[in-house]
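Beneath this line is the structure, given in structure tokens, with notes to follow.
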Amino acid sequence: MLAKASATTNEIVLGSIEVPPDSALGDLSSTLAFALAKELKKNPGAIASEMLPKLQKMIEQEPLISKVETKGPYINIFFERAAFTDMTITSVSNAENTYGQSSHFKDKRVLIEFPAVNPSKPWHIGHARNAILGDTLSNILESVGYEVVKLDYINDLGLQIAQLVWKLKQISADEGEKKYDHYLGHLYVEVQETFDSSEEVQKEVREVSRHLENLQSDDAKISGEMVRRCVEAQCQTAYKLGIYHNYQVWESAIAHSGLLSLAKDMILQCDNIFKPEDGDKAGCIVANLSVIDEFKDMKDPHKILFRSDGTRTYTGADVALQLWKFGLVKDPFHYAVFEDQPNGKSVKRTTLEGEDENLGKFDIVLNVIASRQAHPQKMVYTVLDLMGYTKESENSHHIAYEFVGLEDEDFSGRHGTWIGYSTDDVIDRATEMAMVEVDKRNPDESDEFKNNVANQVAIGAIRYFMLNASPDRKITFRWEQALDFNGDAAPYLQYSLARARRILEKIQSDAKGKVDLGKLTSDAEFELVKAISRFPDEILDVAKALKKDVWGTGFISNRITAYGFGLATLFSKFYDSCPVLKAETGVREARLALVESFKITMTNCLKILGIPVVDRM
RNA sequence: GGGCACGUAGUCUAGCACGGAUAAGGCGCCAGCCUUCGAAGUUGGAGGUCCCAGGUUCGAAUCCUGGCGUGCCCGCCA
């Protein structure tokens, strides 16, 4: 319409549309006049007023728009409230629990890997950030039509594992009462002191490390048992946060599957990857990155993928795994159920004996990894590009996020700085604090009820805290901030929904006759309607914003928490100013319909965020 | 040495991709609102050199250049 009135393209008009700072100014506005002023060399205010009469005539045939005004150069558009409300509420109640979903990326498949914590320690709160981001991103991608496969990577062959196996052989079997991952985590810290100070120990650990390569060795059996128990314990933490996977890739399975030699053969086919005959990298397999514009000025553009003794570097292994993820190599793995998860689905792991399975092709592959790994990730994708897999390289995304740390240090497994800040500790403390609040409000309820609610509030608060921070910002962990249950936090969203449910509970669901939604005319009501109507676009925007950047692919998780917070705020204002049950007949039914729409939208929003819906709190 | 990110009230942040109306929230502080659907709520108030300096523009927190400060990354390691 604006395009017609101004004789310009739709694209320019769409770019000029924005939401005014104050809804009294309009529901939408356009800065088109500014853009035109440049071309026409006229005063933008004049252009806007010239366009106004044309626009006013045109909206007579637009049922959704009631009026158009100008304020200086701004063209402000007002919706026809009754029609807009009717349209929104009808579409919400038709879609119900699928409201917010779309089929924009239908038939696309995505593989997402997170959090890949070493099986030698409990998750600290930074690992939780990774996992929560990965899980929420998975929810979003599912909402916009993707088929999502969630993958975890278990490095059961690292130095950390050898050190722990060495330590386990030194001590008696008494583990005490600790959760197994915590037990190992503490052992690991102990090992470091002896390891760093004794060459003898280092030698012995290297010996263990060699044994681990042989799956039949005693050390490998100790390791297998240890890692299995550790991963099981870590999974317990994940489940508390509502995080589940489809597959686990174990490093030991990779090492013995033949994947690396398959990949090596493919890599050597490539012109820009070769074996230097002399120099300091003689005998290695290196990628020549200098052919890529971005790396051409590097001091040494030769990145080693396989060492001179034939073993792979991290980058080499990552390239092999990335090839597998895209289905570019024949799947060399067998699969077996690792365990059944509380969500009713089982998670499978790669094994050497077990069933074949075809994971199939993926359109995009996401790796959720700390942003300090941006450089190595980029190397992997670049090598894919060098190999001629340009499309796969482009569709490889490093979902980058900053670390969670303390005031003046980062969490470190080696130094044990995570102690006291494990995800389990934080959940426990959050639950205790939530319990105090729950108890205050529901003194007469059963312990079961109170425990349940406290847990739901705690989990919600932690997930929200992690998602509400923009992923490119470092989080300094402070208890009072992470576990604040007031204001911009999960309980606010949960609470708004609980209130809505209480209202709906108090009416008998009498036959839904014709409801005149035109009765919803106040600002508080209409603002809520507008927010509800935006939900599907908000989700889609976040999915579409997954674009590559120099340092990774940004996932704006905070957009969804901000949306949820805004939605809850508008409901709270509506709740405060518009009584529902005591309203006169007609208005009452219309408001009930609005509350129902809010309930559906907020429920779906919390589902995407992974925040539990609390009935009463 | 090179690269990346960050710098916004006392404090924690949003906004920056794609420039637009009075810079938006939470916490904290001050003052109101519970015989009316749940006060984990709500209404109002105080609080700002958007790190600095230039530039582009009718218009810059947002774009460009140059600084300053903070964190991180650049191994045949793991």
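Just so you know, these numbers use all the heavy atoms, side chains as well, and skip hydrogens, waters and symmetry mates. A, B, ... follow the sequence lines: proteins, then strands. Residue 1 opens every chain.
In this structure, A:Phe34 and A:Tyr74 have perpendicular ring planes: the angle between them is above 60°, well past the 30° mark. Note: A:Phe274 and A:His302 have perpendicular aromatic rings, judged against thresholds of 30 and 60 degrees for the angle between ring planes.
If you check B:G41, B:C37, B:A40 against the side chain of A:Arg499, the one that comes closest is B:G41. Nearest nucleotide to the side chain of A:Ser308, out of B:A40, B:C27, B:C76: B:C76. Taking the side chain of A:Lys281 as heavy atoms from C-beta on, and the options B:G38, B:C76, B:G7, the nearest nucleotide is B:C76. Of the candidate nucleotides B:A21, B:G41, B:A40, B:A40 has the atom lying nearest to any side-chain atom of A:Phe485. Taking the side chain of A:Thr31 as heavy atoms from C-beta on, and the options B:G20, B:G15, B:U42, the nearest nucleotide is B:G20. When distances are taken from the side chain of A:Asn486 to each of B:U43, B:G41, B:C76, the shortest belongs to B:G41.
Counting any heavy atom pair closer than 4.0 Å across all strands shown, A:Pro20 reaches a base atom. Contacts of A:Ser29 with the nucleic acid, taken as non-hydrogen atoms under 4.0 Å apart, include base atoms. Within the 4.0 angstrom heavy-atom criterion, base atoms lie near A:Ala498. Residue A:Val438 is in base contact, counting any heavy-atom pair closer than 4.0 Å across all strands shown. When heavy atoms are screened at a 4.0 angstrom cut-off, A:Phe565 is found touching the sugar-phosphate backbone but no base atom.
Ion pairing of A:Glu432 with A:Arg429 is absent here, as no side-chain N (NZ or NE/NH1/NH2) approaches a carboxylate O to less than 4.0 Å.
Residue-to-nucleotide contacts include no donor-acceptor pair under 3.5 Å from the side chain of A:Thr313 to the base of B:C76. Applying the 3.5 Å distance criterion, the base of B:G38 shares a donor-acceptor pair with the side chain of A:Arg502. In this model, no side-chain donor or acceptor of A:Arg473 finds a partner on the base of B:A5 within 3.5 Å.
With P as the reference atom, B:U70 and B:U8 are 14 Å apart, rounded to whole Å. For the P atoms, the distance from B:A17 to B:C12 is 25 Å, rounded to whole Å. Comparing the C1' positions of B:U62 and B:C6 gives a spacing of 15 Å, expressed to the nearest Å. B:U49 sits 14 Å from B:G7 when the C1' atoms are compared, rounded to a whole Å.
At a threshold of 4.5 Å between non-hydrogen side-chain atoms, the residues A:Leu137 and A:Leu133 do not count as touching.
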Side-chain donor-acceptor distances from residues 449-457 of chain A under 3.5 Å, at least two apart:
| residue | atom | partner | partner atom | Å |
| --- | --- | --- | --- | --- |
| A:Lys450 | NZ | A:Asp439 | OD1 | 2.8 |
| A:Asn451 | ND2 | A:Asp447 | O | 3.1 |
| A:Gln456 | NE2 | A:Val613 | O | 3.4 |

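For A:Phe34 and B:G20, the ring-to-base geometry satisfies the stacking test (centroid distance below 5.5 Å, interplanar angle below 30°). Here A:Tyr74 packs flat against the base of B:A21; its ring centre is closer than 5.5 angstrom to the base's six-membered ring, tilted by less than 30 degrees.
Mapping A:Pro21 and A:Lys474 onto RNA chain B by nearest heavy atom places A:Lys474 closer to the 5' end of the strand. Comparing A:Ile503 and A:Ile475 by the nucleotide of RNA chain B that holds the closest heavy atom to each, the one mapping nearer the 5' end is A:Ile475.
Aromatic ring centroids of A:His124 and A:Phe411 lie under 6.0 Å apart.
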